[in-house]
Every structure is written in structure tokens, then in C-alpha cells.
Amino acid sequence: MARPSSPLEALTEPAPASDGAAVPSGWRRWLQRHGRAASPSGLALARREFVASLGDLPLVDVQALRRLLEAAGSLRELWYLRPEVFRTIALHRSEGEAQRRVHALDRHFARRFGPSGFGPA
């Protein structure tokens, strides 16, 4: 069996979501353990912007990642999906473009860093 080239590929065993959409079960379990609640309006805006950052990329290549972003139940979940968003954008555009887009998404986390110094509080 081939070795997965990214964390997303390593966790793509589909599991039915509560709304009927398939979300990789490994990510779902991880996000349920480590996620935190956020204000619904702030979370919805962040989700939309994360998905929009992938808008000009081939749908077939971003479909699974979009499902993960749309299923994120907290800003913390989105925080931990940032590297996959970066990798996907860099793969299709450039590393510089990925940095620019992810930097724009970081505004959702600017005041949310916890006492450990990383990740949203």
C-alpha cells in the first residue's frame, strides 16, 4: 500500500456525518477531541473565508478539504486545518500565494492565542 503524501490523505476513511455528508472519520474523531466552541457567526465567517481561499482551485482536488472546513465545529478545528489549506494552495499556485492567503485567514486567530503560545484559546 502506498504511503499517504499528506495528513489529509492519511485520514480519508469516509464516515457518515450527522447531515449525511461523508467526512473522513480520523479527522472527525480528532476534531471532536480537540475542538472548542466558538461564536456561531464568527465561526461561520471563518469557514466561508477558508473555503473561499480554495475557490479558484480545481474542485476535484479540494473537495475533501472543503468538506472538512465546512464541517469544522470550532475555530480551533480550522486552526489545525491551516497547514492542509497552505499545502493545497501551494501545490496549485505557489508557496508565496499560499502564504498570502493563509496570512489573510490568520485574522480569525489574532486575539485567540492561549497561554501555551500556539493555537487558538
Side-chain angles (χ1 to χ4, degrees):
M1 184 169 161
R3 189 171 198 186
S5 63
S6 75
L8 182 62
E9 288 180 18
L11 297 169
T12 55
E13 173 191 322
S18 58
D19 64 356
V23 175
S25 63
W27 278 105
R28 178 179 292 284
R29 285 189 304 271
W30 188 92
L31 293 172
Q32 286 171 343
R33 282 195 310 268
H34 300 290
R36 282 188 107 169
S39 75
S41 61
L43 177 59
L45 174 62
R47 270 195 217 118
R48 282 193 305 270
E49 290 183 11
F50 267 74
V51 170
S53 74
L54 305 172
D56 63 333
L57 306 180
L59 182 61
V60 69
D61 295 337
V62 298
Q63 209 165 15
L65 180 54
R66 284 183 60 172
R67 280 195 306 265
L68 288 171
L69 295 169
E70 290 166 352
S74 70
L75 289 174
R76 180 164 286 200
E77 292 173 29
L78 291 174
W79 173 262
Y80 288 111
L81 289 169
R82 286 170 64 256
E84 193 60 32
V85 170
F86 180 93
R87 186 193 72 77
T88 302
I89 295 167
L91 180 67
H92 290 280
R93 296 295 176 249
S94 70
E95 189 173 314
E97 180 63 12
Q99 287 175 332
R100 186 186 69 74
R101 292 185 194 189
V102 170
H103 179 71
L105 296 172
D106 285 348
R107 72 182 186 84
H108 296 287
F109 312 104
R111 293 188 245 276
R112 292 181 171 84
F113 285 84
S116 66
F118 72 95

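All heavy atoms count here, side chains included; hydrogens, waters and symmetry mates do not.
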**Q** Once side chain to side chain contact (heavy atoms under 4.5 Å, CB included) is applied, do any residues pair with Ala90, and if so which ones, sequence neighbours excluded?
**A**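 Ala90 satisfies side chain to side chain contact (heavy atoms under 4.5 Å, CB included) with Phe86, Ala98 only.
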
**Q** Quick one: side chain to side chain donor-acceptor pair (under 3.5 Å) partners of Glu95, sequence neighbours excluded?
**A**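 Per chain and number, Glu95 pairs via side chain to side chain donor-acceptor pair (under 3.5 Å) with no residue.
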
**Q** Starting at CH2 of Trp79, measure out to CD of Glu77 and round the result to the nearest 0.5 Å.
**A**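 Spacing of CH2 (Trp79) from CD (Glu77) equals 14.5 Å.
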
**Q** Which residues satisfy the side chain to side chain contact (heavy atoms under 4.5 Å, CB included) test with Arg48, sequence neighbours excluded?
**A**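 Counting only residues at least two positions away or on another chain, Arg48 forms a side chain to side chain contact (heavy atoms under 4.5 Å, CB included) with Ala44, Leu45.
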
**Q** Mind checking whether Leu57 and Leu91 have side chains closer than 4.5 Å, heavy atoms only?
**A**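 No; the side chains remain at least 4.5 Å from each other.
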
**Q** Quick one: does any side-chain atom of Arg82 pair with a main-chain N or O of Val102 as donor and acceptor, under 3.5 Å?
**A**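 No, the answer is negative, given that no donor and acceptor are paired below the 3.5 Å cut-off.
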
**Q** May I ask you to test the Thr88-Asp61 pair for a side-chain heavy-atom distance under 4.5 Å?
**A**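 SC-SC contact between Thr88 and Asp61 ruled out.
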
**Q** Of all residues at least two apart in sequence or in a different chain, which pass the side chain to side chain donor-acceptor pair (under 3.5 Å) check with Arg101?
**A**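 Partners of Arg101 under the side chain to side chain donor-acceptor pair (under 3.5 Å) test: Asp56, Glu97.
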
**Q** Can we say Glu84 and Arg87 salt-bridge, meaning some charged N sits less than 4.0 Å from an Asp/Glu carboxylate O?
**A**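 Arg87 and Glu84: salt-bridged.
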
**Q** So do Val85 and Leu69 actually touch side chain to side chain, heavy atoms under 4.5 Å?
**A**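 They are in contact (side-chain heavy atoms under 4.5 Å apart), so the answer is yes.
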
**Q** Describe, in one word, how the ring planes of Phe50 and His108 are oriented to each other, choosing from parallel (under 30°), tilted (30 to 60°) and perpendicular (over 60°).
**A**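 Answer is tilted, since the angle falls between 30° and 60°.
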
**Q** Ala46 and Leu78: which non-hydrogen atoms are nearest, and at how many Å?
**A**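 Shortest heavy-atom separation between Ala46 and Leu78 comes out as CB-CD1, 3.6 Å.
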
**Q** Taking side chain as C-beta onward, heavy atoms only, is Val51 less than 4.5 Å from Arg47?
**A**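 Val51 vs Arg47: side chains apart.
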
**Q** Please find the pair of heavy atoms, one from Ser53 and one from Ile89, that lie closest to each other, and give the distance.
**A**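 Shortest heavy-atom contact: O-CD1, 3.8 Å.
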
**Q** How close do Gly42 and Leu75 get, heavy atom to heavy atom, and via which atoms?
**A**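 Shortest heavy-atom contact: O-CD2, 4.4 Å.
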
